Student: 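I'd like to ask you about the structure that follows.
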Amino acid sequence: MRFSSLFAPTLKDAPTDAEVVSHKLLVRAGMIRQVARGIYDYLPLGLRVLRNVERIVREEMDRAGAQELLLPAVCPAGLWQESGRWDVYGKELLRLKDRHEREFCIGPTHEEVITDVVRSAVRSYRDLPLNLYQVQTKFRDEIRPRFGLMRGREFIMKDAYSFHADKADCEREYRHMYETYERIFARCGLAFRAVEADTGAIGGSLSHEFQVLADSGEDAIAACSKCSYAANVELAALGEVSADAVTEEASAELRRVATPSKRTVEDVSSYLEIPVDRFIKTLIFQKDDGTAVAALVRGDQTLSEAKLRAALGCDWVRLADSHTVEKVTGAAIGFAGPVGLEAPIVADQSLHGIRGAASGANSDDEHLVGVEHGRDFGPGVTFADLREAVAGDRCPRCGEGAYTIRRGIEVGQVFYLGTKYSKALEATFLDAEGQTRPIEMGCYGIGISRTIAAAIEQSHDENGIIWPQPLSPYPIEIIPVSLTDTAVVETTEKLESSLREKGHEALVDDRDERAGVKFKDADLIGIPLRVTVGKKGLEKGIVELKHRGDGTVEEIPIAEAPARLAEKIG
RNA sequence: CGGGGUGUAGCUCAGACUGGUAGAGCACUGCGUUCGGGACGCAGGGGCCGCAGGUUCAAAUCCUGUCACCCCGACCA
């Protein structure tokens with residue numbers, strides 16, 4: 001490819017609306033362009049990277065025995081009504097009507113559609129198992145898209161769905177896909193970690209996320225320092241804590257104190273001069289059945305909604321609005337507490353036996369101090385693991401290690417779905433005994449476009465992108481330093497054609513620009529191997545190979561160049 | 001949806017407070033010099049100042065509305 005004819009409008013300045021480095025660099029390198037909030041064009045270089053990720057994904061999925069198909073982006077409402085998600089998915093689901101006023105949505109995920117395909121064709125256990133996948137544009141009308149390709153509304157996803165006669169076979173496939181994902185992300189040249197995860201709106205009971213490790217990641221993951229356990233902090237298991245400083249605190253008399261307009265834990269803590277870890281933070285939630293529940297964590301802890309959902313056994317919870325809070329506690333937001341509260345209470349296990357604590361008094365502008373579990377609240381309180389893990393928390397799996405927290409970008413997730421969708425959509429089969437049974441399902445997603453952003457977040461420097469070789473838009477770039485020196489031009493052309501004979505398409509910067517401009521653009525675009533062909537080198541009979549990643553330079557004799565370079569491309 | 005902010009040339013931004021011929025740098029075109037890490041000179045082209053109303057002799061500037069985009073929060077692959 002000749003750079004002079006490539007459509008790659010590079011920029012010296014990053015657009016102001018780009019925040020994260022992957023977004024800035026993708027735009028500056030002329031790979032993507034924003035069209036609307038969370039919606040992007042892929043320009044030629046960006047598309048080549050996208051195709052590389054897709055190619056690796058397809059190769060590994062095919063190798064794993066999955067079959068590619070393509071489902072519609074526009075899906076009829078009926079299927080979504082059958083599964084019940086038409087009502088529960090909310091505004092993230094982009095709904096539209098056709099000319100006959102029939103309702104559709106643009107698919108944010110395709111469990112319904114694929115299940116419809118399978119139920120119409122599968123009759124017998126002999127038709128199973130099946131693993132079907134597609135690479136497709138999805139649309140999720142996110143509340144707040146951001147960070148370029150990291151959280152777009154329209155994005156490209158590989159979604160696979162597997163169908164099985166029994167749970168054991170489904171779990172086998174789950175592990176198989178887990179291993180396939182490890183191969184995929186390893187082949188993409190990414191440093192990643194598979195972690196236990198929440199199942200969220202997709203549903204199901206077992207899930208792992210594949211997180212690319214990067215400081216700018218939106219997710220926090222807890223990993224044990226001793227054993228292999230790792231999980232999203234919202235799900236990372238915490239053992240029962242032994243009596244700590246809080247519970248050893250001498251019991252005090254329950255007292256009511258005035259705390260005018262002090263609503264947050266921080267406000268009240270500094271006002272009363274009581275440490276935040278001796279606060280009982282009381283959050284009022286609404287469950288999916290409409291009832292309210294109070295969730296307690298310590299003032300220094302963050303409640304995990306995922307854990308709360310699990311503890312309550314419900315599909316979703318939502319922080320209650322001010323109206324509900326007032327109804328439940330009899331006070332404005334900021335003054336809720338467990339003492340005398342009518343609503344059901346679930347508390348983090350670390351609050352068991354707490355004494356000498358502070359909490360809201362369920363009365364405007366008042367808090368309680370000297371609160372003691374057992375004496376002042378309970379016994380109806382349910383204790384559970386409700387808080388997000390923090391660095392230093394002990395790992396309950398091995399009981400030895402402590403958690404370290406790292407940031408990650410979720411690029412893939414695997415779910416064991418069970419029969420959630422097959423039951424709702426009546427996707428059944430006849431087993432060997434002639435019994436009608438619902439199909440066991442798993443689903444497996446990879447954010448193709450997000451993987452591109454994650455690769456950049458993980459691998460870049462102040463000059464631009466550093467692509468892992470397998471994702472690079474071109475495997476190698478050749479820069480002829482001069483266009484007037486015939487030896488330079490001829491060597492460049494020979495090198496280009498001999499690489500092409502070996503199956504490698506080089507990007508040749510044949511623009512009539514000064515060398516500095518070409519070098520800067522090369523760094524920005526991030527092709528990992530760069531060959532400089534210049535007069536100086538030719539006089540010595542060599543070309544220079546510069547590695548974009550570590551900046552090292554190798555001198556390669558011209559005659560050996562095609563073979564040596566092809567070898568490095570791999 | 002709540003809070004904050006921004007819309008002026010392809011990109012980054014001045015100009016607005018105090019209304020009076022629309023600017024700079026980069027990019028682009030031509031010529032010359034230069035030529036291994038974003039060169040220099042000279043000469044050019046390019047703007048419904050987001051959009052719509054209003055005030056005014058006169059609006060990029062003041063007022064109202066609207067749209068778009070960004071950030072923080074709740075939410076989420």
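What you see is a predicted model, and the numbers here were worked out from it, not measured in a lab. Any value given below was found using the heavy atoms of this structure, including those in side chains, with hydrogens, waters and symmetry copies removed. Below, chain A is the first sequence line, B the second, and so on; all start at residue 1.
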Student: Side chain of A:R511, base of B:G38: donor and acceptor closer than 3.5 Å?
Tutor: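 Absent.
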
Student: With a 3.5 Å cut-off and heavy atoms only, can you find an N or O donor on one side and an acceptor on the other between the side chain of A:R144 and the base of B:G3?
Tutor: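 Checked by distance alone, the answer is no.
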
Student: Can a donor-acceptor pair under 3.5 Å be found between the side-chain atoms of A:E544 and the base atoms of B:G36?
Tutor: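 It does, because a donor-acceptor pair links the side chain of A:E544 to the base of B:G36 below 3.5 Å.
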
Student: Which residue, A:F147 or A:V317, contacts RNA chain B at a nucleotide closer to its 5' end, judged by nearest heavy atom?
Tutor: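 Looking at the nearest nucleotide for each, A:F147 comes out on the 5' side.
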
Student: Does A:T16 have a side-chain nitrogen or oxygen under 4.0 Å from the phosphate oxygens OP1 or OP2 of B:C13?
Tutor: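 It does, given that an N or O in the side chain of A:T16 lies less than 4.0 Å from OP1 or OP2 of B:C13.
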
Student: Can you name the closest pair of heavy atoms from A:A64 and A:M177 and give their distance?
Tutor: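 Shortest heavy-atom contact: CB-CE, 3.8 Å.
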
Student: Is there aromatic stacking of A:F155 on B:A77 here, judged by a ring-centre distance under 5.5 Å and a plane angle under 30°?
Tutor: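 Yes, aromatic ring over the base.
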
Student: Please assess A:H110 against A:Y161 for the test ring-ring contact (aromatic ring centres under 6.0 Å, His included), listing each intermediate value before the final yes or no.
Tutor: CA-CA 9 Å; A:H110 280 73; A:Y161 307 89; 7.5 Å; no

Student: Within 45° of the six-membered ring axis of A:W86 and under 6.0 Å from that ring's centre, is NZ or CZ of A:R95 located there?
Tutor: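 Checked: cation-pi criterion met.
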
Student: Applying ring-ring contact (aromatic ring centres under 6.0 Å, His included) to A:Y174 and A:Y416, what does each step give before you reach the verdict?
Tutor: CA-CA 7 Å; A:Y174 180 94; A:Y416 167 64; 7.2 Å; no

Student: Would you say the side chain of A:R151 and the base of B:C76 hold a donor-acceptor pair, judged only by whether the two atoms sit under 3.5 Å apart?
Tutor: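 Answer yes: a donor N or O sits under 3.5 Å from an acceptor.
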
Student: Send over the distance from A:H23 NE2 to B:C69 P, rounded to a whole Å.
Tutor: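 Distance check: A:H23 NE2 to B:C69 P gives 12 Å.
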
Student: Ignoring hydrogens and geometry beyond distance, is the side chain of A:K546 in donor-acceptor contact with the base of B:G37 at under 3.5 Å?
Tutor: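 Such a pair exists between side chain and base.
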
